[in-house]
Q: 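Can you read through this structure? Questions will come right after.
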2 protein chains.
Amino acid sequence: MKAQALHGHLDALLLAVLEQGALHGYAIIEALRARSDGNLDLPTGTIYPALRRLERAGHVASTWSTVNGRERRTYQLTDAGRRALTGERAGWHEFQSTVGRFLDPGSPSGSPA
Amino acid sequence: MKAQALHGHLDALLLAVLEQGALHGYAIIEALRARSDGNLDLPTGTIYPALRRLERAGHVASTWSTVNGRERRTYQLTDAGRRALTGERAGWHEFQSTVGRFLDPGSPSGSPA
DNA sequence: CCTTCATGTGTAGCTACGCTACTTGTTCGA
DNA sequence: TCGAACAAGTAGCGTAGCTACACATGAAGG
C-alpha cells in the first residue's frame, strides 16, 4: 500500500479503532496491523503525534497506567470523538464514492452503498 | 470534501479521466468537476504540476495546438500510463477495502467487490 | 472603447501531515 | 549478558496538494 494514500484518513482510522474500546498507542498499532492483514503497519512516529492531535482536538482522552512496570497511556473516545467519527465516516463514504466514480469501472451511479 | 483526502490518489484520477480521451488541462478540471457533481473542484495549481509530473513519468504525452488563438496543451495517455492506471486501480481497491474495513460498519470481510 | 469574465497555461511559496531515524526505559528469554 | 519485544516520544524530512499570483486571448456588456 502506498504510504501517502493514508493522508487525511488516519484520524478516522484511529477513531474507528478506539470505538471498540480504549487502547494504548502500541496496541493501536497492532490492532491496525491485525485488522488490515498487515496492510497498515504504521510507525510510532505516525501514531503518537496523531493521537496527541486527536487529544488536543478533544476527540480522545488519555489516562496513564502502569502495567508490568511499563508506563502506558491509554486512549479512549470522547463524546466529541464519537461525533467526529460519524462525520469522518460520512466524509469517507463521500470520498469513496467520488473517487470510485472515476476508478471503479462497472459502477456508473457511483453509489454502490 | 476535505482537501487533503485526495493525497496520493490524484494521479489515478487524472489517468482515469484521460482514459476516455485526450484532454487539455482546463478541460480536465471541468471533467473532474462535472463527473463528480462538483465535489472535485481542483485549482490549476494542483492540476498543471500534476500533469507535468505524469509527463515526466511517461504516463501521459502532451501536444500543443492552437484553438481560437489560444494555446492548448493536450494530454493523452501513453501505454505506460494505461498500465499505470491498472496498477492505480488495484491500489485504490486495496486501499478502499483496507480503510473500509475500519470505517464501513456493516461489511466485515472488507471485500465487497 | 473599456472593462469584465471565461478560457487557458503556468510558477513560487506555503502548509499539512505522515515517515524516517533516533532516544529512553523495562521485561523476558536465550 | 545480550538481544528482542514492549512502550512512549520527538526532531527533522519529504511529498504533494493548495493559495495566490502573473500572463495572454476572445467575447460580452456598458
Side-chain angles (χ1 to χ4, degrees), chain A residues 1-15 17 22-34 36 39-57 59-60 62-75 88 91 95 98-99, chain B residues 1-15 17 22-34 36 39-57 59-60 62-75 88 91 95 98-99:
Chain A
M1 171 126 57
K2 282 194 306 180
Q4 71 271 31
L6 218 46
H7 253 271
H9 304 287
L10 178 62
D11 290 8
L13 287 178
L14 294 177
L15 294 175
V17 167
L23 289 174
H24 61 283
Y26 198 86
I28 291 175
I29 294 175
E30 293 187 314
L32 286 167
R33 186 170 44 222
S36 69
N39 273 319
L40 291 173
D41 198 356
L42 305 182
T44 66
T46 292
I47 296 299
Y48 291 116
L51 288 170
R52 309 296 292 265
R53 231 190 307 134
L54 289 174
E55 188 169 27
R56 270 203 310 277
H59 294 339
V60 302
S62 69
T63 49
W64 282 100
S65 60
T66 305
V67 177
N68 289 335
R70 290 204 190 89
E71 296 285 297
R72 279 187 185 171
R73 176 125 88 162
T74 301
Y75 292 89
E88 295 279 5
F95 172 74
T98 300
V99 177
Chain B
M1 172 127 55
K2 282 195 304 179
Q4 71 272 30
L6 218 44
H7 254 271
H9 305 286
L10 178 61
D11 289 7
L13 287 177
L14 293 178
L15 294 176
V17 167
L23 289 175
H24 60 282
Y26 198 86
I28 291 175
I29 294 174
E30 293 187 315
L32 286 168
R33 186 170 44 223
S36 69
N39 274 319
L40 291 174
D41 198 355
L42 305 182
T44 67
T46 292
I47 296 300
Y48 290 116
L51 288 170
R52 310 296 293 265
R53 231 190 308 134
L54 288 174
E55 190 170 26
R56 270 201 311 278
H59 295 338
V60 302
S62 69
T63 49
W64 282 99
S65 59
T66 306
V67 177
N68 288 336
R70 290 203 190 90
E71 296 286 296
R72 279 187 184 170
R73 177 125 88 162
T74 301
Y75 292 90
E88 295 278 5
F95 172 74
T98 300
V99 176

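Only heavy atoms go into these numbers, but all of them, side chains included; no hydrogens, no water, no symmetry mates. Here is the naming used below: chain letters follow the sequence lines, and residue numbers restart at 1 for every chain.
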Q: Counting heavy atoms from C-beta on, name the nucleotide in D:dA7, C:dG10, C:dC19 closest to the side chain of A:Pro43.
A: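 My answer, after comparing the listed nucleotides, is C:dC19.
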Q: Provide, to the nearest angstrom, the distance between the CD1 atom belonging to B:Ile28 and the P atom belonging to C:dG8.
A: 12 Å
Q: Does B:Tyr26 put a side-chain nitrogen or oxygen below 4.0 Å from OP1 or OP2 of C:dT7?
A: yes
Q: Atom OH of B:Tyr48 and atom P of D:dA22: how far apart are they, to the nearest Å?
A: 18 Å
Q: If you take all heavy atoms of B:Leu42 and B:Leu6, which pair is closest and at what distance?
A: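 Smallest interatomic distance, heavy atoms only, reads CD2-CD2, 3.8 Å.
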Q: Once the angle between the rings of A:His9 and B:His9 is folded into 0 to 90°, is it parallel (under 30°), tilted (30 to 60°) or perpendicular (over 60°)?
A: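 Rings of A:His9 and B:His9: perpendicular, as their planes differ by over 60°.
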Q: Starting from C1' on D:dA4, measure out to CD on A:Glu30 and report it in whole angstrom.
A: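 Going from CD in A:Glu30 over to C1' in D:dA4 covers 14 Å.
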Q: What nucleotide among D:dC18, C:dT11, D:dG17 has an atom nearest to a side-chain atom of B:Leu10?
A: D:dG17
Q: Round to the nearest Å and state the distance from A:Arg53 atom CZ to C:dT15 atom P.
A: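 Distance, rounded to whole Å: 17 Å.
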Q: In B/S/- notation, 5' to 3', how is nucleotides 22-30 of chain C contacted by protein heavy atoms closer than 4.0 Å?
A: ---BBB---
Q: Check this one for me: any side-chain N or O of B:Arg52 less than 4.0 Å away from OP1 or OP2 of C:dT9?
A: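 For C:dT9, neither OP1 nor OP2 has a side-chain N or O of B:Arg52 closer than 4.0 Å.
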Q: With respect to the side chain of B:His7, which nucleotide from D:dA16, C:dG18, D:dA7 is positioned closest?
A: D:dA16
Q: For the pair made of CD1 in A:Ile47 and P in D:dT10, what is the distance, rounded to whole Å?
A: 14 Å
Q: Would you say that A:Leu40 contacts B:Val99 through its side chain, given a criterion of any heavy-atom pair below 4.5 Å between the two side chains?
A: no
Q: Under the salt bridge (charged side-chain N to carboxylate O under 4.0 Å, His left out) definition, can you give me all pairs with a residue in residues 42-57 of chain B, not counting sequence neighbours?
A: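 Residue pairs with at least one partner in residues 42-57 of chain B: B:Asp11-B:Arg53.
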Q: Which pair of heavy atoms, one from A:Tyr26 and one from A:Tyr48, lies closest together, and at what distance?
A: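 Minimum heavy-atom separation between A:Tyr26 and A:Tyr48: N-OH, 3.6 Å.
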Q: Quick check on C:dT7: is either OP1 or OP2 less than 4.0 Å from any side-chain nitrogen or oxygen of B:Arg72?
A: no
Q: Between D:dA5, D:dT10, D:dC18, which nucleotide has the shortest distance from any of its atoms to the side chain of A:Pro49?
A: D:dT10
Q: Just how far, in rounded Å, is C1' of D:dG17 from CG of B:Asp41?
A: 14 Å
Q: If we only count heavy atoms from C-beta on, is the A:Ile47 to A:Leu32 side-chain gap below 4.5 Å?
A: yes
Q: Please report, rounded to the nearest Å, how far the P atom of C:dG10 is from the OH atom of B:Tyr75.
A: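 Rounding to the nearest Å, OH of B:Tyr75 and P of C:dG10 are 5 Å apart.
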Q: Can you name the ring-ring contact (aromatic ring centres under 6.0 Å, His included) partners of B:His7, sequence neighbours left out?
A: A:His7
Q: Could you say whether B:Gly45 or A:Gly25 is positioned toward the 5' end of DNA chain D, judged by the nucleotide with the nearest heavy atom to each?
A: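 Whichever sits nearer the 5' end wins; that is A:Gly25.
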Q: Just how far, in rounded Å, is P of C:dT7 from CD of B:Glu71?
A: 18 Å
